[in-house]
Amino acid sequence: MAQAAGTSAWQGLQQAVAQWFGRGDQARQRIELERLDRCAAVLAEAQDGGEAQRARIGQQGAWQARFEHALEALGEPEREQAALVLRALLDAHAPAHGVSAPGGGQAVGGNVDIRADRGSAAALQMRDVNVAIPPMPGPQQG
């Protein structure tokens with residue numbers, strides 16, 4: 001949930017999760033939509049790296065507990081069916097591989113090699129970035 005907030009996947013995931021929790025009860029579904037809106041607002045308000053990470057971890061924990069509590073409250077056959085539905089909706093709506101970027105940004109899971117020739121490259125809100133000046137080519141490289 002916390003990874004999808006603020007991405008293009010959020011709207012569909014938000015609706016699907018509210019329906020999952022609501023189980024046909026429109027009033028309960030509206031309450032869940034309000035909770036999901038608050039989750040997105042908390043994550044959007046957290047601006048810097050440390051604050052954003054703490055907010056994301058907090059929201060992840062809160063939603064994990066909510067899902068676990070909802071599943072535990074069900075009988076065995078209902079629990080299995082609800083878990084299957086939950087897995088399917090997360091597969092359909094959550095960002096793939098846990099990588100997402102809000103606001104039309106680009107997200108990459110893994111290593112990225114950025115090169116600039118006679119110019120520059122810039123990045124905004126990047127973490128764990130190593131910048132190095134490549135060695136000058138030797139005579140054999142031209």
Side-chain angles (χ1 to χ4, degrees), residues 1-138 141-142:
M1 298 298 304
Q3 291 175 343
T7 69
S8 60
W10 179 247
Q11 185 69 30
L13 180 60
Q14 182 183 30
Q15 292 297 319
V17 167
Q19 288 173 354
W20 186 86
F21 275 107
R23 299 211 193 324
D25 181 339
Q26 294 296 318
R28 191 169 167 196
Q29 193 171 325
R30 279 192 300 278
I31 291 168
E32 294 303 328
L33 284 170
E34 290 171 8
R35 282 188 177 125
L36 289 158
D37 284 340
R38 285 194 302 271
C39 169
V42 165
L43 294 168
E45 289 173 10
Q47 296 298 317
D48 69 18
E51 181 184 356
Q53 184 176 2
R54 283 187 296 279
R56 192 171 38 259
I57 290 169
Q59 289 299 315
Q60 286 172 339
W63 281 100
Q64 179 177 346
R66 286 192 44 69
F67 284 118
E68 288 174 358
H69 178 73
L71 289 168
E72 289 170 357
L74 300 172
E76 187 62 35
E78 294 170 307
R79 183 180 311 128
E80 288 179 25
Q81 180 60 31
L84 287 173
V85 171
L86 181 59
R87 278 188 208 105
L89 80 85
L90 291 175
D91 287 345
H93 296 284
H97 309 297
V99 176
S100 64
Q106 296 290 322
V108 177
N111 296 332
V112 176
D113 184 23
I114 300 174
R115 298 174 191 254
D117 184 28
R118 295 185 201 104
S120 62
L124 178 64
Q125 294 182 345
M126 292 180 69
R127 295 183 182 99
D128 299 328
V129 176
N130 296 314
V131 178
I133 298 172
M136 294 297 291
Q141 294 173 322

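Count residues from 1 along the sequence.
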Subject >> Gap between atom CG of Leu89 and atom CG of Leu84 - 0.5 Å precision >> reply: 11.5 Å

Original post:
Which heavy-atom pair separates Ala46 from Ala52 by the least distance, and what is that distance?
Top reply: CB-CA, 3.6 Å

Original post:
Do you know the tightest heavy-atom contact between Leu71 and Arg79?
Top reply: O-NE, 3.0 Å

**OP:** Look up atom CZ in Phe67 and atom CD in Glu72, then write down how far apart they are to the nearest 0.5 Å.
**Re:** 13.5 Å

Subject >> Interatomic distance, Gln19 atom CD to Gln26 atom CD [nearest 0.5 angstrom] >> reply: 8.5 Å

**OP:** Report yes or no: do Gln64 and Glu68 form a side-chain donor-acceptor pair below 3.5 Å?
**Re:** yes

Subject >> Rounded distance [0.5 Å steps], NE2 in His93 versus CD in Gln11 >> reply: 10.5 Å

Subject >> Heavy-atom closest pair, residues Ala82 and Leu74 >> reply: CB-CD1, 3.6 Å

Original post:
To the nearest 0.5 Å, what is the distance between CD (Glu76) and CD (Glu78)?
Top reply: 10.5 Å

Subject >> Within-4.5 Å side-chain heavy-atom neighbours: Gln14 and Asp37 >> reply: yes

Original post:
Considering all heavy atoms of both residues, which atom of Leu36 and which atom of Ala18 are nearest to each other, and what is their separation?
Top reply: CD1-N, 4.1 Å

**OP:** For Arg66, check side-chain contact (heavy atoms from CB on, under 4.5 Å) against everything at least two apart and list the hits.
**Re:** Phe21, Glu32, Arg35, Trp63

